[in-house]
Amino acid sequence: MPIRPYTSIDAAAAGEIFRRAIAVIGARDYTLEQVAAWAGPEGTAERLHAWLSDGRLALVAADAEGRVVAFGDLEADGHIDFLYAAPEAAGTGVVSGLYDALEDAARAAGMARLYSEASEAARRFFLKKGFTVLHRRDFAVRGVAIHNYAVEKRL
Ligand SMILES: CC(C)(COP(=O)(O)OP(=O)(O)OC[C@H]1O[C@@H](n2cnc3c(N)ncnc32)[C@H](O)[C@@H]1OP(=O)(O)O)[C@@H](O)C(=O)NCCC(=O)NCCS
């Protein structure tokens with residue numbers, strides 16, 4: 001599965017993956033009210049593009065036809081802010097390859113630690129990649145109570 005840097009031509013695909021990943025995969029562990037708050041209002045795709053093109057490392061995984069099916073990022077301090085897969089690509093190993101590329105880049109940059117705030121599905125994924133759960137985080141997004149987990153991996 002080819003992995004390459006995110007560019008502006010991927011913006012629409014990333015927005016679509018973000019929305020579908022939350023609606024389909026997120027809905028397994030979170031209520032409809034929670035996934036709606038997580039996905040955010042109209043315009044989130046534009047904000048997503050602004051984040052992914054702000055200088056951080058952002059990678060996409062494409063299928064054999066070149067269609068983007070997952071994306072993820074790595075900030076300069078080792079923070080992984082985004083890791084999202086199209087539902088049909090989730091569970092196939094695509095995200096594993098994408099994550100490995102992010103970790104390789106972190107090691108190459110001399111980072112000592114990777115960390116994230118992981119949803120339930122992401123927590124299960126990160127545990128398989130050697131992360132440790134530090135604590136559960138309970139907070140509100142757009143007025144809706146939700147939770148995730150602070151996770152980290154020492155490199
Ligand atoms: C987090 C994510 C990128 C991990 O990628 P992945 O390919 O699904 O990783 P895994 O195969 O290890 O699956 C992790 C968990 O996701 C869930 N999952 C995977 N594929 C799924 C699918 N098609 N439908 C519903 N849930 C699915 C499973 O609960 C799985 O846990 P399990 O293997 O212990 O049952 C992906 O699940 C995703 O996009 N989730 C929704 C968005 C999200 O939560 N992003 C992280 C924000 S912090």
Side-chain angles (χ1 to χ4, degrees), residues 1-6 10-41 44-54 56-65 67-106 111 113-142 144-153:
M1 186 80 48
I3 307 233
R4 60 167 174 79
Y6 170 91
D10 304 314
E16 188 68 9
I17 290 166
F18 180 79
R19 194 184 60 72
R20 291 175 59 228
I22 295 170
V24 177
I25 306 172
R28 231 193 204 188
D29 300 298
Y30 296 92
T31 67
L32 287 180
E33 193 186 25
Q34 287 174 321
V35 296
W38 178 3
T44 298
E46 287 72 23
R47 298 220 312 280
L48 188 58
H49 172 65
W51 285 315
L52 293 176
S53 54
D54 70 357
R56 71 186 67 194
L57 176 65
L59 299 178
V60 300
D63 66 12
E65 284 79 46
R67 210 168 41 105
V68 172
V69 293
F71 67 94
D73 73 338
L74 173 67
E75 296 183 272
D77 65 350
H79 185 230
I80 294 176
D81 206 1
F82 298 100
L83 194 61
Y84 285 84
E88 60 276 15
T92 65
V94 168
V95 180
S96 178
L98 180 66
Y99 167 80
D100 289 347
L102 293 171
E103 184 178 315
D104 286 350
M111 292 180 193
R113 169 184 184 249
L114 291 174
Y115 71 101
S116 190
E117 296 78 38
S119 65
E120 289 285 352
R123 176 183 58 84
R124 294 194 283 273
F125 172 83
F126 281 125
L127 285 175
K128 288 181 239 174
K129 289 295 185 182
F131 279 71
T132 304
V133 174
L134 299 176
H135 56 86
R136 175 177 159 136
R137 303 171 70 246
D138 283 278
F139 57 102
V141 56
R142 298 178 184 91
V144 178
I146 195 166
H147 71 275
N148 59 22
Y149 300 88
V151 297
E152 73 164 15
K153 179 176 180 175

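Counting starts at 1 for both ligands and their atoms, following the listed order. Count residues from 1 along the sequence. Every heavy atom of this structure was used, including side-chain atoms; hydrogens, water molecules and symmetry mates were not.
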Please tell me whether E117 and H79 have a donor and an acceptor in their side chains that are separated by less than 3.5 angstrom. yes
Considering only NZ, NE, NH1 and NH2 on the basic side and carboxylate oxygens on the acidic side, decide whether K129 and E103 come within less than 4.0 Å. no
Any Lys/Arg nitrogen of R142 or E33 sitting under 4.0 Å from an Asp/Glu carboxylate oxygen of the other? no
Checking E16 now: which residues fulfil side-chain hydrogen bond (donor to acceptor under 3.5 Å, both in side chains) with it, not counting sequence neighbours? R19
Those residues at least two apart in sequence (or on a different chain) that pass ring-ring contact (aromatic ring centres under 6.0 Å, His included) with F71 are Y84
Neighbouring residues of ligand 1, heavy-atom cut-off under 4.0 Å: A21, I25, R28, W38, L83, Y84, A85, P87, A90, G91, V95, E117, A118, S119, A121, A122, R124, F125, K128
With D77 via salt bridge (Lys or Arg N to Asp or Glu O under 4.0 Å) - residues at least two apart: none
